[in-house]
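This report refers to the structure that appears directly beneath it.
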Amino acid sequence: MTPTTIEMLLKDALLTAQKSGLLKAAPPEAIPLEVPKSDAYGDFATPIALSLSQAEGCPPRKIAQYLTDLCKTSALFESSRIDKIEIAGPGYLNFFLQDAYWHLCLQAIHREGSNYGRAMVGNGKRVQVEFVSANPTGPLHVAHGRAAALGDAIARLLQATGHTVEREYYINDIGGQMALLGQSTYRRYLSLYGRTLPLAPEGYHGAYIADIAKVIREADGDRYLSGPEEAHLTFFTSQSCKILLGWIKRDLEQFGIHFDNFFSEAGLYANNEVASALALLRTKGVLCERDGALWVTTTRLGDDKDRVVVRSNGEHTYFASDIAYHRNKFNRGFDRLINIWGADHHGYVARVKAAVAAMGEDPGRLHILVHQNVSLLRDGKPVPMSKRSGEFVSLKEVISEVGVDAARFFFLMRRSNTALDFDLELAKKTSQENPVYYVQYAHARLCSIMRMAEAAGVKPDSTPDNVTSDVLLLLKFPEECALMKQLALYPSVILGATEALEPHRLTFYLQTLAGLLHRYYFQRRIITDDARLTQARLALVGAVRIVVKTALDLLGVRAPETM
RNA sequence: GCGCCUGUAGCUCAAUGGAUAGAGCAACAGCCUUCUAAGCUGUGGGUUGCAGGUUCGAUCCCUGCCAGGCGCACCA
């Protein structure tokens with residue numbers, strides 16, 4: 001018995017229907033289950049008969065009738081704790097459950113603990129999540145923070161559903177921008193010694209450039225002052241990259257993000273992989289020379305124009321490395337690749353997919369998730385940010401202002417393809433207006449109750465773990481039932497969020513669950529003079545605590561025990 | 001001009017093609033001799049940008065328009 005019994009029952013019924021010829025199609029991957037707005041529509045409902053109607057060419061209510069009959073004759077029905085199934089409206093199946101159903105859910109949560117909601121649907125499939133991958137030409141800023149929170153939460157969701165996950169950061173550590181970085185830090189280095197060689201207008205002007213120059217001065221002193229600029233640029237380029245990468249890694253670690261692999265673009269050239277990938281494209285007949293440059297004819301594969309891979313000056317474009325990089329990824333044998341890109345890269349989706357397809361790989365295994373921008377708000381007004389002038393708010397500043405937990409939670413409060421307004425004032429508030437505090441407070445409050453219960457002498461042999469069903473029968477208030485239902489929903493939220501790559505569903509779920517908990521807390525006392533009732537209520541709120549902590553963990557947000 | 005994303009309550013946003021489109025915030029009115037008031041209760045609030053189309057049924061899919069964001073290099 002698990003909270004997903006209804007899904008299993010329906011799948012079983014659908015399978016039987018298919019075998020016996022009542023239905024043509026196989027059961028879908030996931031059975032849509034919803035909690036109806038009104039209790040009159042049961043505890044759970046599914047519009048599955050409605051959605052199958054079109055494909056089956058059969059009226060929805062008729063399908064609903066089939067499924068109802070098959071459910072009732074299924075071997076699983078006896079143990080499913082279903083009180084009754086009704087066909088309602090256009091063809092909904094409304095499930096009314098016995099109280100015992102919820103009690104079994106609670107016991108399952110206590111039994112499984114932090115494993116509750118985990119699933120094995122991934123079957124150990126290997127998934128790579130590549131995210132952040134910010135160029136090492138400056139510190140991480142807020143938009144990178146969104147990518148970091150998003151990618152890590154998706155990775156955690158995939159792990160929780162039985163996938164083998166690798167987190168990777170791709171480093172653009174070669175090319176024109178890097179050369180510009182080296183030149184910028186070199187000239188700032190000179191200016192530390194009173195020599196002025198003006199920064200190129202297209203160079204990097206941020207204050208951090210001087211910080212890098214100072215680090216180099218600390219380490220090596222004035223030894224790069226003499227000789228021509230050209231003699232020092234290689235060193236300044238590689239050293240600046242190294243220093244910046246160190247800062248980026250430190251910021252990421254502070255943000256709780258750990259990458260399994262940092263993949264160097266320069267390495268692709270060192271290993272001759274770019275040339276080899278281009279050679280592969282040549283054998284596929286998608287390369288051509290035009291105007292002295294080398295192009296990939298991606299137009300034939302869904303892109304809106306052809307793309308240059310080798311410029312007429314002989315230099316490779318970044319697209320050339322991207323092709324080699326994605327070939328390398330596929331060669332590493334991942335079942336699925338997920339790239340998380342900022343909105344400014346959305347124009348690259350078509351060309352990368354086209355190149356992947358041209359190399360004979362399945363572009364369907366490459367999922368490119370594009371997230372929209374983040375604007376910081378202070379006092380309701382946008383904080384001005386301009387990449388060009390080097391005036392932007394770094395991730396580090398945001399974290400030190402609002403904390404890791406608020407930052408991660410806020411980055412995950414919106415669907416990734418909508419622009420995100422990050423309200424700095426709200427993120428710092430310690431009141432119910434601030435969603436992350438609201439949720440964390442629920443956890444702290446529960447921990448406090450547990451401590452009180454212990455102090456009140458709740459016996460060890462009546463801990464929630466082995467609370468018996470007859471004790472749980474004492475949970476009969478509507479708000480208790482609402483909590484149990486929300487808890488029972490958790491596994492399907494995890495599956496849905498993973499499938500859609502939408503961690504924001506978890507932040508919404510948590511806010512709802514926390515709301516139910518706070519309401520319950522104010523309406524009913526948990527620790528009472530009645531020992532059995534106390535046990536039952538502790539079992540309930542204990543399960544809430546487990547789910548809140550587990551869900552926060554998937555978002556990378558701490559669940560504090562006191563606040 | 002072309003492409004992608006977005007348009008839902010005053011604000012910020014949810015809602016797999018399904019039942020009467022939901023939350024939170026803000027506003028207003030209440031609640032602390034009791035487990036954390038960092039909280040709770042109640043009230044009002046909608047032509048889902050506009051116009052068509054597909055469907056038994058559209059916030060969701062298709063077409064056109066309007067508005068905002070982001071792209072549109074032999075830059076990354």
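Here is how names work: the chains are called A, B, and so on, in the same order as the sequence lines, proteins then strands, and each is numbered from 1. These numbers were taken from a predicted model, which means no experiment stands behind them.
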Counting the atoms with a prime plus P, OP1 and OP2 as sugar-phosphate, which does [X] contact under 4.0 Å by heavy atoms, base, sugar-phosphate, or nothing?
X	answer
A:Ala293	base
A:Thr528	nothing
A:Lys429	nothing
A:Tyr521	base
A:His346	base
A:Ser431	sugar-phosphate
A:Asp291	base
A:Asp304	nothing
A:Thr430	base
A:Ala456	nothing
A:Tyr437	base
A:Arg537	nothing
A:Arg415	sugar-phosphate
A:Asn94	base

Same-atom distance ([atom1]) from [N] to [M], integer angstrom:
N	M	atom1	answer
B:A9	B:C25	C1'	12 Å
B:A14	B:U8	C1'	10 Å
B:C61	B:A67	C1'	22 Å
B:C40	B:U47	C1'	35 Å
B:C13	B:C72	C1'	30 Å

Is it true that [X] and [Y] make a salt bridge, defined as a side-chain N closer than 4.0 Å to a carboxylate O?
X	Y	answer
A:Arg505	A:Glu502	yes
A:Asp306	A:Arg300	no
A:Arg378	A:Glu425	yes
A:Lys329	A:Glu168	no
A:Lys428	A:Glu401	yes

Query - Ranges pairing with ranges for RNA chain B, where each run has three or more Watson-Crick or G-U pairs under 3.5 Å - result: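 Listed by first number, the stems are B:1-7 with B:66-72, B:10-13 with B:22-25, B:27-31 with B:39-43, B:49-53 with B:61-65.
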Requested in this report: Specify the glycosidic conformation (syn or anti) of B:C32, with syn defined as within 90° of 0.
Outcome: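 Syn.
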**Report entry** Residues that A:Tyr441 engages under side-chain contact (heavy atoms from CB on, under 4.5 Å), provided they are two or more places apart
**Finding:**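 For A:Tyr441 the side-chain contact (heavy atoms from CB on, under 4.5 Å) partners, ignoring immediate neighbours, are A:Arg445, A:His518, A:Met563.
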Query - Reference residue A:Val398; test side-chain contact (heavy atoms from CB on, under 4.5 Å); the match among A:Leu376, A:Val383, A:Val404, A:Val374 - result: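 Answer to the side-chain contact (heavy atoms from CB on, under 4.5 Å) test with A:Val398 among A:Leu376, A:Val383, A:Val404, A:Val374: A:Leu376.
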**Report entry** Heavy-atom donor-acceptor pair, A:His345 side-chain to B:G71 base, under 3.5 Å
**Finding:**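 By the distance-only test, no, there is no pair.
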Report task. Establish whether the base of B:C74 is bridged to the side chain of A:Thr317 by a donor-acceptor pair shorter than 3.5 Å. Result ->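 No, the side chain and the base share no sub-3.5 Å donor-acceptor pair.
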Report task. Nearest whole angstrom, please: distance from the C1' of B:G69 to the CG of A:Asn417. Result ->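 Going from CG in A:Asn417 over to C1' in B:G69 covers 13 Å.
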Query raised in the report: Do any side-chain nitrogens or oxygens of A:Arg505 fall under 4.0 Å of OP1 or OP2 in B:A14?
Result: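 No.
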Query raised in the report: Does OP1 or OP2 of B:U36 have a side-chain N or O of A:Arg451 closer than 4.0 Å?
Result: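 Checking A:Arg451 against B:U36: no side-chain N or O falls below 4.0 Å of OP1 or OP2.
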Query raised in the report: A:Tyr490 and A:Tyr509: side-chain contact (heavy atoms from CB on, under 4.5 Å), yes or no, with the steps?
Result: CA-CA 8 Å; A:Tyr490 180 68; A:Tyr509 173 84; 3.3 Å; yes
Query raised in the report: So, for A:Val471 and A:Arg532, which heavy atoms are closest and what is the spacing to 0.1 Å?
Result: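 What the structure gives for the nearest pair is CG1-O, 3.4 Å.
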